[in-house]
Amino acid sequence: MNEERFQDLVEYVQSTSANPPEHLFSGGYEDWHCRARLAQFLSMEGIDKTDEAIELFKSIEDIEPDEENSQDIEEKIYALQKLSHLYKEKKEFNEAMTYICNAIELAESTDYLYRYILRGELWADRWNLMHHMKNTAEAEAEVDNRIEVYKDIPIEHNSYLYYGYRFKAQLAAER
């Protein structure tokens, strides 16, 4: 992809009902944040430019976010999570697993309290993917481990516990 194709896709997305503000892409193709944001819009239902979204998301794979900026890290985590979802939809489960594991690794590398990303949700994506890949027993073992580690932490909202118990409930409902 190049700057010209990037701008064509920006114009395309802006002509859709999503109509994102122009300033989201003002840094152009050279700004990885702009590529990630455009990819998010391209992957939206109704826009359905999955291949272009994947290409843009993959272009940020090796980008090192600013470790001092939680929003920068969160934006990359979200992009990796979304890339994993796109590969899961394409039933390319190994690729999906690679990107959700990368997202988890990045999220767990800091102790930031992110605005939008929940670490437990990232793990749930992994567990659900493992379940689709017929690794349900391993996923359940990971869930049980997360629950054991986080069950006694005195905080009101714990995404590890919420998504862990939710996954177990989904499995129970399937049985």
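None of the values given here were measured: they were computed from a predicted structure.
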* Atom CG of L113 with >12 non-hydrogen neighbours under 6.0 angstrom -> no
* **Minimum side-chain heavy-atom gap F41-V10 below 4.5 Å** => no
* Asked: Heavy-atom distance under 4.5 Å between the side chains of I117 and Q81, does that happen here?
  -> yes
* Taking the side chain from R119 and the backbone from A107, do they hold a donor-acceptor pair closer than 3.5 Å? -> yes
* To do: Please lay out, stage by stage, how H157 and Y162 fare under the test side chain to side chain contact (heavy atoms under 4.5 Å, CB included).
  => CA-CA 8 Å; H157 303 286; Y162 173 80; over 6 Å; no
* Polar side chain donor-acceptor pair, E140 to H131, under 3.5 angstrom -> no
* Just by distance, do the side chain of E121 and the backbone of Y163 share a donor-acceptor pair under 3.5 Å? -> no
* To do: State plainly whether one hydrophobic cluster holds both F167 and I100, where clusters connect Ile, Leu, Val, Met, Phe, Trp and Tyr through side-chain heavy atoms under 4.5 angstrom apart.
  => yes
* Asked: Which value, rounded to the nearest 0.5 Å, describes the distance between K49 atom NZ and T16 atom OG1?
  -> 11.0 Å
* Structure fact -> Correct closest heavy-atom pair for V143 and G164 would be CG1-O, 3.4 Å
* Transitively linked via ILVMFWY side-chain contacts under 4.5 Å: I60 with L83? -> no
* To do: Say whether, by atom type as modelled, one donor and one acceptor occur between the side chain of N135 and the main chain of E138 under 3.5 angstrom.
  => no
* To do: Test W123 against E142 for side chain to side chain donor-acceptor pair (under 3.5 Å), laying out the working first.
  => CA-CA 9 Å; W123 280 95; E142 283 188 9; over 6 Å; no
* **Verdict with supporting geometry, Q40 and Y78, side chain to side chain contact (heavy atoms under 4.5 Å, CB included)** => CA-CA 9 Å; Q40 291 167 19; Y78 183 76; 3.1 Å; yes
* Structure fact -> dist I54:CD1 -> E92:CD (nearest 0.5 Å) comes out at 7.0 Å
* To do: Would you indicate whether E108, at its atom CD, is surrounded by more than 12 heavy atoms from other residues, nucleotides or ligands within a distance under 6.0 Å?
  => yes
* To do: Would you sort out whether K151 and N158 count as a side chain to side chain contact (heavy atoms under 4.5 Å, CB included), showing the intermediate values?
  => CA-CA 9 Å; K151 70 180 182 183; N158 186 321; over 6 Å; no
* Interatomic spacing from CD in E11 to CZ in F6 - rounded to 0.5 Å -> 11.0 Å
* Asked: So Y150 and I155, side chain to side chain contact (heavy atoms under 4.5 Å, CB included) or not? Walk me through it.
  -> CA-CA 10 Å; Y150 290 98; I155 58 173; over 6 Å; no
* **N/O donor-acceptor pair under 3.5 Å between S43 side chain and A39 backbone** => yes
* To do: Compare every heavy atom of G28 with every heavy atom of C34, then report the nearest pair and how far apart it is.
  => CB-O, 3.4 Å
* To do: Compare every heavy atom of I47 with every heavy atom of L42, then report the nearest pair and how far apart it is.
  => O-CG2, 3.7 Å
* So which heavy atom on S84 is nearest to which on L129, and how close? -> OG-CD2, 4.3 Å
* Do side-chain atoms of K76 reach the backbone of I63 as a donor and acceptor pair under 3.5 angstrom? -> yes
* To do: Give a yes or no answer on whether the side chain of T110 reaches the backbone of L106 with a donor-acceptor pair at less than 3.5 Å.
  => no
* To do: May I ask you to check whether over 12 heavy atoms, not counting those of E22, lie within 6.0 Å of atom CD?
  => no
* Asked: Within the distance-only criterion (no hydrogens, no angle test), does the side chain of E74 pair as donor or acceptor with the backbone N or O of R115 below 3.5 angstrom?
  -> yes
* **Cluster check L24, W32: I/L/V/M/F/W/Y, side chain < 4.5 angstrom** => no
* Q170 CD: over 12 foreign heavy atoms closer than 6.0 Å -> yes
* Within the side chain of D72, is there an N or O that forms a donor-acceptor pair under 3.5 Å with the backbone of P65? -> no
* Identify whether M44 and F25 are in the same connected component of the hydrophobic contact network (ILVMFWY, side-chain heavy atoms under 4.5 Å). => yes
* Asked: Got more than 12 heavy atoms from elsewhere within 6.0 Å of CG, N2?
  -> yes
* Taking everything shown except E3 itself, do over 12 heavy atoms lie less than 6.0 Å from its CD? -> yes
* To do: Using the rule that two of Ile, Leu, Val, Met, Phe, Trp, Tyr join whenever any of their side-chain heavy atoms come within less than 4.5 Å, decide whether L161 and L122 are in one cluster.
  => yes
* Asked: Run the ring-ring contact (aromatic ring centres under 6.0 Å, His included) check on Y99 and Y87 step by step: do they pass?
  -> CA-CA 9 Å; Y99 292 108; Y87 275 117; 5.8 Å; yes
* Which atom names give the shortest non-hydrogen contact between Y112 and E67, and what distance separates them? -> OH-O, 2.6 Å
* Structure fact -> Here the gap from F93 atom CZ to K134 atom NZ, rounded to the nearest 0.5 Å, amounts to 8.5 Å
* Does any N or O in the side chain of R35 come within less than 3.5 Å of the main-chain N or O of Y29, such that one atom is a donor and the other an acceptor? -> yes
* **Backbone of A36 reached by a side-chain donor or acceptor of E75 within 3.5 Å** => no
* What's the spacing between Q14 CD and L9 CG if we round to 0.5 Å? -> 11.0 Å
* **Nearest-0.5 Å distance that lies between atom CD in E148 and atom CZ in R146** => 12.5 Å
* Asked: Less than 4.0 Å between a side-chain N and a carboxylate O, is that true for K88 and E95?
  -> no
